[in-house]
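This report refers to the structure that appears directly beneath it.
All residue numbers in this chain count up from 1 along the given sequence.
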Amino acid sequence: MIRIGIVDDEKQERDQLKQALARFGAENGTELNVQEFDCAAVYLAAKDRDFDILYLDIDMPQMSGMELAEKIRETDQDVILIFCTNLQQFALNGYSVGALGFIVKPIQWYSFHMYLTRALKVLQKRAGQKPSHGG
């Protein structure tokens, strides 16, 4: 099962992303466990933050998605970050935190599908490269 976190201060945007994830899961037979957070602070306060993929809004009050991404990278190099935002001018900054991609709101199915497919390929590749636990 793929664990996905959505951090966005706008419920409508989180709902749109959840619908796209549900559609992707149904069409591809992929089991997705989605959790949502309405701000960076709530995400950071969560006890269980073991996600495979995080969708981050950039323009949020208190702490931006970019600041959150920098904080996440201090302790987690593996989680796949995908930014969802209407602030295209931040796209280049995404590379400084190793973001996989950038989706401009409102979410278009094509770019959403492309980045999620790419993210799942990265996860598959990693799973195949894990060292065996044998002696």
Side-chain angles (χ1 to χ4, degrees):
M1 178 181 314
I2 310 294
R3 300 201 55 219
I4 297 177
I6 300 172
V7 186
D8 194 321
D9 58 318
E10 294 176 44
K11 183 176 184 347
Q12 186 182 342
E13 303 290 350
R14 293 194 309 269
D15 288 346
Q16 191 186 4
L17 202 45
K18 283 195 306 191
Q19 286 169 351
L21 287 162
R23 176 180 164 188
F24 185 95
E27 289 180 4
N28 296 279
T30 307
E31 202 176 340
L32 305 174
N33 177 355
V34 181
Q35 268 183 282
E36 55 184 294
F37 305 89
D38 60 8
C39 68
V42 172
Y43 171 80
L44 291 170
K47 286 180 176 46
D48 181 11
R49 297 198 314 245
D50 184 23
F51 293 99
D52 298 304
I53 302 169
L54 281 176
Y55 286 94
L56 304 177
D57 180 21
I58 288 185
D59 188 19
M60 295 187 289
Q62 282 93 45
M63 182 187 281
S64 76
M66 198 56 71
E67 291 168 310
L68 175 59
E70 288 167 4
K71 206 155 189 55
I72 289 167
R73 284 294 183 235
E74 290 171 12
T75 56
D76 187 345
Q77 293 298 314
D78 290 337
V79 67
I80 294 172
L81 302 177
I82 299 174
F83 288 108
C84 292
T85 186
N86 35 25
L87 301 174
Q88 286 178 281
Q89 65 267 37
F90 287 106
L92 289 173
N93 300 9
Y95 297 103
S96 69
V97 291
L100 177 89
F102 225 88
I103 299 174
V104 178
K105 292 176 180 176
I107 294 167
Q108 301 298 311
W109 176 251
Y110 175 78
S111 61
F112 167 82
H113 187 279
M114 179 185 74
Y115 284 121
L116 183 52
T117 301
R118 193 178 291 175
L120 294 176
K121 281 184 181 150
V122 170
L123 292 173
Q124 268 180 330
K125 201 173 186 179
R126 277 188 201 157
Q129 291 173 342
K130 283 192 176 139
S132 64
H133 297 290

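Taking every heavy atom of both residues into account, Gly5 and Phe51 meet most closely at N-CD2, 3.4 Å. Lys18 approaches Val34 most closely through the heavy-atom pair CG-CG1, 4.0 Å. Taking every heavy atom of both residues into account, Ala69 and Phe83 meet most closely at CB-CZ, 3.8 Å.
Distance check, rounded to the nearest 0.5 Å: CE of Met66 to CD1 of Ile58 gives 4.0 Å. In this structure, the separation between CE on Met114 and CG on Leu100 is 8.5 Å, given to the nearest 0.5 Å. Atoms CD and CZ, on Gln19 and Phe112 in that order, are 11.0 Å from each other to the nearest 0.5 Å. Residue Ile2 holds its CD1 atom at 10.5 Å from CG of Asn33, rounded to the nearest 0.5 Å. Expressed to the nearest 0.5 Å, how far CZ of Arg118 lies from CG of Leu120 amounts to 12.0 Å.
With hydrogens and angles ignored, the 3.5 Å screen pairs no side-chain donor or acceptor of Ser64 with any backbone N or O of Met60.
Residues that satisfy the ring-ring contact (aromatic ring centres under 6.0 Å, His included) test with Tyr115, not counting sequence neighbours, are absent from this structure. Take Lys71 and apply the salt bridge (Lys or Arg N to Asp or Glu O under 4.0 Å) test, not counting sequence neighbours, and it matches no residue. Applying the side-chain contact (heavy atoms from CB on, under 4.5 Å) criterion to Pro106, with sequence neighbours excluded, gives Gln16, Gln108. Partners of Lys121 according to the side chain to side chain donor-acceptor pair (under 3.5 Å) rule, which considers only residues two or more places apart in sequence or in another chain, do not exist here. Residues meeting the salt bridge (Lys or Arg N to Asp or Glu O under 4.0 Å) test with Glu13, sequence neighbours left out: none.
Note on Leu54 and Met63: same hydrophobic cluster, where clusters join Ile, Leu, Val, Met, Phe, Trp and Tyr whose side-chain heavy atoms are under 4.5 Å apart, directly or indirectly. Placement of Trp109 and Ile107 within a single hydrophobic cluster is found when ILVMFWY residues are connected by side-chain heavy-atom separations under 4.5 Å, directly or transitively.
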Side chains of residues 38-46: which donor-acceptor partners sit under 3.5 Å, not counting sequence neighbours?
none

Using atom types as modelled, flag every donor-acceptor pair under 3.5 Å from a side chain in residues 75-82 to any protein atom, sequence neighbours excluded.
from	atom 1	to	atom 2	distance (Å)
Thr75	OG1	Ile72	O	3.4
Asp76	OD1	Asp78	N	2.8
Asp76	OD1	Val79	N	3.0
Gln77	NE2	Arg73	O	2.4

Show me the donor-acceptor pairs within less than 3.5 Å that the side chains of residues 23-31 make with the rest of the protein, sequence neighbours left out.
from	atom 1	to	atom 2	distance (Å)
Arg23	NE	Glu27	OE2	2.9
Asn28	ND2	Phe24	O	2.8
Thr30	OG1	Asn28	O	3.3

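Residue pairs meeting the salt bridge (Lys or Arg N to Asp or Glu O under 4.0 Å) criterion with at least one partner in residues 93-102, sequence neighbours excluded, do not occur; the list is empty. Pairs passing the salt bridge (Lys or Arg N to Asp or Glu O under 4.0 Å) check and including a residue from residues 40-67, sequence neighbours excluded, read Arg3-Asp48, Asp57-Lys105. Under the salt bridge (Lys or Arg N to Asp or Glu O under 4.0 Å) criterion, no residue pair touches residues 94-103, with sequence neighbours excluded.
Within the 4.5 Å cutoff, no side-chain heavy atoms of Gln35 are placed close to those of Ile6. Contact check for Arg126 versus Leu123: side-chain heavy atoms found under the 4.5 Å cut-off. At least one side-chain heavy atom of Ile4 sits under 4.5 Å from a side-chain heavy atom of Leu21. Looking only at side-chain heavy atoms (C-beta outward), Asp9 and Pro61 come within less than 4.5 Å of each other. At least one side-chain heavy atom of Thr85 sits under 4.5 Å from a side-chain heavy atom of Phe102.
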